[in-house]
Asks: 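Let me begin by handing over the structure; questions about it come next.
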Protein chains: 2
Amino acid sequence: MVALAKVFRAKGYEGTSLAELSEVTGLKKASLYHRFPKGKEAMATSVFNYIGDWVQANVFAALADENNTPEVRLKNGLNHIATFYDGGRESCIFRAFSMETGLHLFEKNISAGMNEWISVFTRIGVALGQGPESAKANAVQTLIDIQGSLIVSKGLNDTDVFEQTLHNIEHRYLNK
Amino acid sequence: MVALAKVFRAKGYEGTSLAELSEVTGLKKASLYHRFPKGKEAMATSVFNYIGDWVQANVFAALADENNTPEVRLKNGLNHIATFYDGGRESCIFRAFSMETGLHLFEKNISAGMNEWISVFTRIGVALGQGPESAKANAVQTLIDIQGSLIVSKGLNDTDVFEQTLHNIEHRYLNK
DNA sequence: GTCTATAGCTAGATAGAC
DNA sequence: GTCTATCTAGCTATAGAC
């Protein structure tokens, strides 16, 4: 599943072929269809859910872990984000599935997923003393920062842009 | 050319087919090949240049127009940006051409294009009294804001995110 | 559950008439 | 300069042996 995810994230829904998924998994196409009878769309859905589970179990769990102070939770969450995007080298599944064809298939998954990110970051903002409205606005800005910096990092072939953005996010939350 | 651009922006390089380009232009595939003997890649390159020219003639020209104060130039430039992205409904060509296949073909165009955006926005920051370093950082953040807000607007199907981001950019430059 | 083989289609691209 | 017709290669998907 991790191999499927890597291809879909890098190539996007439209740019991913079953031939390549067969290569990276070592399974022939017919075997992929045995595991995913509904074909490419089902493979993509599984990848989307797999990634969602990983983010939930790592990023969101760290941000919500009540054993730590909000400051530590934020730092841990951002570290998981850095790992997840390999320091800016990996693309986001939201982006990979949101050109027109993919968007039509996954629009509900994407909007639900983005709203989760916003919700979790709103909560950490509130935990850090922000009012609910500005916490929400900051959460939306955080999502924009992550998505935008991934695009710009790719376009400039410069992972510093992504790393710097994660620092900026942290500073904004901690009023540094 | 504007019809080609609309498809490439919406579907991405990989997701755009010659059949669809034929439909939207009213030209048969053979006629498209008469105009672009080097095929789909040449069509995409032309679209990229066409869009670059439009941005140069409108967004960048407005931002650099010495007949106006920096404040007015900024406002005019942002208005052209709003038009260009149809208030957040249209995608950016950088994004449309930067999944793995397209990125490999267009990486130089994309990084050059992004650097132009950064350069132009750095200059408007300097004109508004920012130091060169913070003007550069603000320009990078502006590009991130635009790219990120387009993704989030699409994902949430909410153009307010994009519109709000343009306001935020303006406020950051004008210290409101 | 994995394989070979292949169906049926669409992709990008070309030849040649007009 | 636009067209019809067609090519080859690739695509998603399926049938059926093992």
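Computed from a prediction, not measured in an experiment: that's the story for all the values here. Naming: A, B, ... by sequence-line order, numbering from 1 per chain.
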Asks: So do the side chains of B:Ile124 and B:Val120 get within less than 4.5 Å of each other, counting heavy atoms only?
Replies: no
Asks: To the nearest angstrom, how far is A:Leu32 atom CG from C:dT4 atom C1'?
Replies: 15 Å
Asks: Round to a whole Å and report the spacing from CD of A:Glu14 to P of D:dC11.
Replies: 15 Å
Asks: Would you kindly give the NE2-to-C1' distance between B:His34 and C:dA13, to the nearest whole Å?
Replies: 16 Å
Asks: Taking the side chain of A:Ser31 as its heavy atoms from C-beta onward, which of C:dG12, D:dA13, C:dC3 lies nearest to it?
Replies: C:dC3
Asks: Heavy atoms from C-beta onward define the side chain here; which of C:dT4, D:dT12, D:dT4 lies closest to that of A:Ala30?
Replies: C:dT4
Asks: Atom NZ of A:Lys38 to atom P of D:dT12: distance rounded to whole Å?
Replies: 19 Å
Asks: In whole Å, I'd like the distance from the CG atom of B:Leu18 to the C1' atom of C:dG12.
Replies: 5 Å
Asks: Quick one: B:Lys28 NZ to D:dC3 P, roughly how many Å, whole number?
Replies: 6 Å
Asks: Show the numbers, then the answer: is there a side-chain contact (heavy atoms from CB on, under 4.5 Å) between B:Ile146 and B:Thr165?
Replies: CA-CA 7 Å; B:Ile146 293 169; B:Thr165 294; 5.7 Å; no
Asks: Any non-hydrogen side-chain atom of A:Arg95 less than 4.5 Å from a side-chain atom of A:Leu150?
Replies: no
Asks: Give A:Ser17 one of three labels, base, sugar-phosphate or nothing, depending on what nucleic acid heavy atoms sit under 4.0 Å from its own.
Replies: sugar-phosphate
Asks: For B:Thr16, report the nucleic acid contact type (base, sugar-phosphate, nothing); a contact means any heavy atom under 4.0 Å.
Replies: sugar-phosphate
Asks: Of the options D:dT12, C:dT2, C:dG12, whose atoms approach the side-chain atoms of B:Tyr33 most closely?
Replies: C:dG12
Asks: For B:Arg35 and D:dT2, what is the distance between atoms CZ and C1' respectively, to the nearest whole Å?
Replies: 9 Å
Asks: Mind running salt bridge (Lys or Arg N to Asp or Glu O under 4.0 Å) on B:Lys11 and B:Glu20 for me, showing each step along the way?
Replies: CA-CA 10 Å; B:Lys11 304 275 177 106; B:Glu20 182 162 10; 2.8 Å; yes
Asks: Nearest-Å distance, CD (A:Glu23) to P (D:dG10)?
Replies: 12 Å
